Engineer: 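Next up is a structure, given as structure tokens.
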Amino acid sequence: MAISPPSAASLYDRVRRVIPPIEWPAFVDDIDAILALKRERNAVILAHNYQTPEIFHCLADIVGDSLALARKAMSVDADVIVLAGVHFMAETAKLLNPGKTVLIPDPGAGCSLADAITASDVRLMRQRYPGVPVVTYVNTSAAVKAESDICCTSGNALAIVESLGAPRVIMLPDEYLAKNIAAQTQVDIIAWKGHCEVHERFTPADIRELREAHPGVTVLAHPECPPEVVAEADFAGSTAAMSDYVGRHKPARVVLMTECSMSDNVAVEHPDVDFVRPCNLCPHMKRITLANIRTALEENRHIVTIDPDVAERARQAVERMLAI
Ligand code: 13P
Ligand code: SF4
């Protein structure tokens, strides 16, 4: 018996906890069109944990944190990868699966961390600290990755830093991630001054107010938050690690000190957990919409390309990370 492909109507159940019924009809036409386009174009959608729930739960074939998206992009068999996330994630997918057409629905979906450093900044750091290995966060351009020894994500940063066996490491460009890792290792870490514009806005006072207003609340923070925020949280980890924490510990009430869609996406899976929701929107992640995913597949845009010389060197830095 042939199994009929999903339609928007059959998908609403997945998101009814976070999308009110009155809003759903506005999504239906685009969702049905995108589902049909995915079949026509032999395309898959990779969505980061910060994508809105109708993209994350109704359209994505692969979801996760930056590390999971990179790992899974490598083995995509489809002809086309649509990256519902920000530009560095699309570049990473292209680096790891160069034979595929990788589309980013809005090429302006950047990242304040990726904008915080250039390839020539990395060369200057190498001159200043000769022989010190350079660990670069994946939230950077391919050109910056190409100047680096190895990449890391928030999910594996400590393991990557310690894998090098070096007493000193340059860690670029997120100052707070670098400091949060420095607090967990004997390795001397030289940081840069980049910040995530979403996570830098959380403060320890926010956490204290939340604990007062919601006694017993469990506070999870992303390691891009300032160290004083991480110090006040119950747990800090990548977006995937926060989601796993909720699944494993099932706190009665939780707050995720991170981007807003994350709570929606995790709440869908855990109806028994109460999510308190002060959060900050990432304006870059929010540039990805149903409308521009549809246009990306209809018009085959915007194709991600990387200069071959840069790509070769950047790929090595990402592959070294994935080997650990
Ligand atoms: P994760 O790798 O934890 O998903 O983080 C990516 C990101 O952009 C966080 O702001
Ligand atoms: Fe970049 Fe921060 Fe947005 Fe993540 S949340 S994409 S680190 S600006």
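The chain is numbered in sequence order, starting from 1. Counting starts at 1 for both ligands and their atoms, following the listed order. Excluded from the calculations below are hydrogen atoms, water molecules and symmetry mates; all remaining heavy atoms, backbone and side chain alike, are included. This structure is a prediction, so every number in the text was calculated from the model and none was measured.
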Engineer: In plain terms, say whether Asp61 and Lys38 are close enough for a salt bridge, that is, a side-chain N and a carboxylate O under 4.0 Å apart.
Structural biologist: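 Salt bridge between Asp61 and Lys38, a charged N being under 4.0 Å from a carboxylate O: yes.
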Engineer: Which protein non-hydrogen atom lies closest to atom 3 (Fe) of ligand 2, naming both residue and atom, and how far is it?
Structural biologist: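 The closest one turns out to be Cys282 SG, 2.4 Å.
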Engineer: For a quick check: using heavy atoms under 4.0 Å, what are the residues in contact with ligand 1, sorted by chain and number?
Structural biologist: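 Under the 4.0 Å cut-off, ligand 1 touches His48, Tyr50, Asp65, Ser66, Asn139, Ser154, His199, His222, Glu224, Ser238, Thr239.
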Engineer: Would you call the rings of Tyr245 and His249 parallel, tilted or perpendicular, taking 30° and 60° as the class edges?
Structural biologist: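 Ring orientation of Tyr245 relative to His249: parallel.
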Engineer: Under 4.0 Å from a heavy atom of Val198: give me the atoms of ligand 2 that qualify, with their elements.
Structural biologist: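 Those qualifying, in numeric order: 5 (S).
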Engineer: So, 4.0 Å and heavy atoms of Glu224: is ligand 2 close enough to count as a contact?
Structural biologist: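 A heavy atom of Glu224 does come that close to ligand 2.
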Engineer: Give the minimum heavy-atom separation between Cys151 and Lys145, together with the two atoms involved.
Structural biologist: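 Reported closest heavy-atom pair: SG-CG, 3.7 Å.
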Engineer: Can you list the atoms of ligand 2 that are under 4.0 Å from a heavy atom of Tyr50?
Structural biologist: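 Under 4.0 Å from Tyr50, ligand 2 has these atoms: 5 (S).
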Engineer: Are Asp149 and Arg320 close enough for a salt bridge, meaning some N to O gap below 4.0 Å?
Structural biologist: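 So Asp149 does not pair with Arg320 through a salt bridge.
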Engineer: Quick check: His195 with Tyr176 (ring centres under 6.0 Å apart)?
Structural biologist: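 Under 6.0 Å, so yes.
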Engineer: Starting from atom 2 (Fe) of ligand 2, what is the nearest protein heavy atom, named by residue and atom, and what distance separates them?
Structural biologist: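 Nearest neighbour among protein heavy atoms for atom 2 (Fe) of ligand 2, to 0.1 Å: Cys196 SG, 2.3 Å.
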Engineer: Any idea which atoms of ligand 2 are less than 4.0 Å away from a heavy-atom of Asn139?
Structural biologist: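 It comes down to these atoms of ligand 2: 7 (S).
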Engineer: Given Ala109, Cys111, Ser66, identify the one with the heavy atom nearest to atom 1 (Fe) of ligand 2.
Structural biologist: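 Looking at heavy atoms only, the winner is Cys111.
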Engineer: As an exercise, identify every atom of ligand 2 less than 4.0 angstrom from a heavy atom of Leu113.
Structural biologist: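 Close to Leu113: 7 (S).
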Engineer: Could you check whether Asp106 pairs with Lys286 (Lys NZ or Arg NE/NH1/NH2 to Asp/Glu carboxylate O, under 4.0 Å)?
Structural biologist: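 Salt bridge flag = no for Lys286 with Asp106.
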Engineer: Can you tell me which residue among Asn180, Val135, Ile181 is in a side chain to side chain contact (heavy atoms under 4.5 Å, CB included) with Ile189?
Structural biologist: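 The passing option is Ile181.
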Engineer: Answer yes or no as to whether an N/O/S atom of His284 is found below 2.8 Å from atom 3 (Fe) of ligand 2.
Structural biologist: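 Given the 2.8 Å cut-off, His284 does not count as a ligand of atom 3 (Fe) of ligand 2.
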Engineer: Decide, based on the SG atoms alone, whether Cys111 and Cys196 are under 2.5 Å apart.
Structural biologist: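 Cys111 does not pair with Cys196 as a disulfide (SG atoms not under 2.5 Å apart), so no.
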Engineer: Give a yes or no on whether a salt bridge exists between Glu91 and Lys94, defined as a side-chain N under 4.0 angstrom from a carboxylate O.
Structural biologist: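 No salt bridge links Glu91 with Lys94.
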Engineer: Less than 4.0 Å between a side-chain N and a carboxylate O, is that true for Arg211 and Glu232?
Structural biologist: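 Arg211 and Glu232: not salt-bridged.
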Engineer: Can we say Asp29 and Arg294 salt-bridge, meaning some charged N sits less than 4.0 Å from an Asp/Glu carboxylate O?
Structural biologist: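 A salt bridge is present here (some side-chain N lies under 4.0 Å from a carboxylate O).
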Engineer: If the cut-off is 4.0 Å to any non-hydrogen atom of Ser112, which atoms of ligand 2 fall inside it?
Structural biologist: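 Those atoms are 8 (S).
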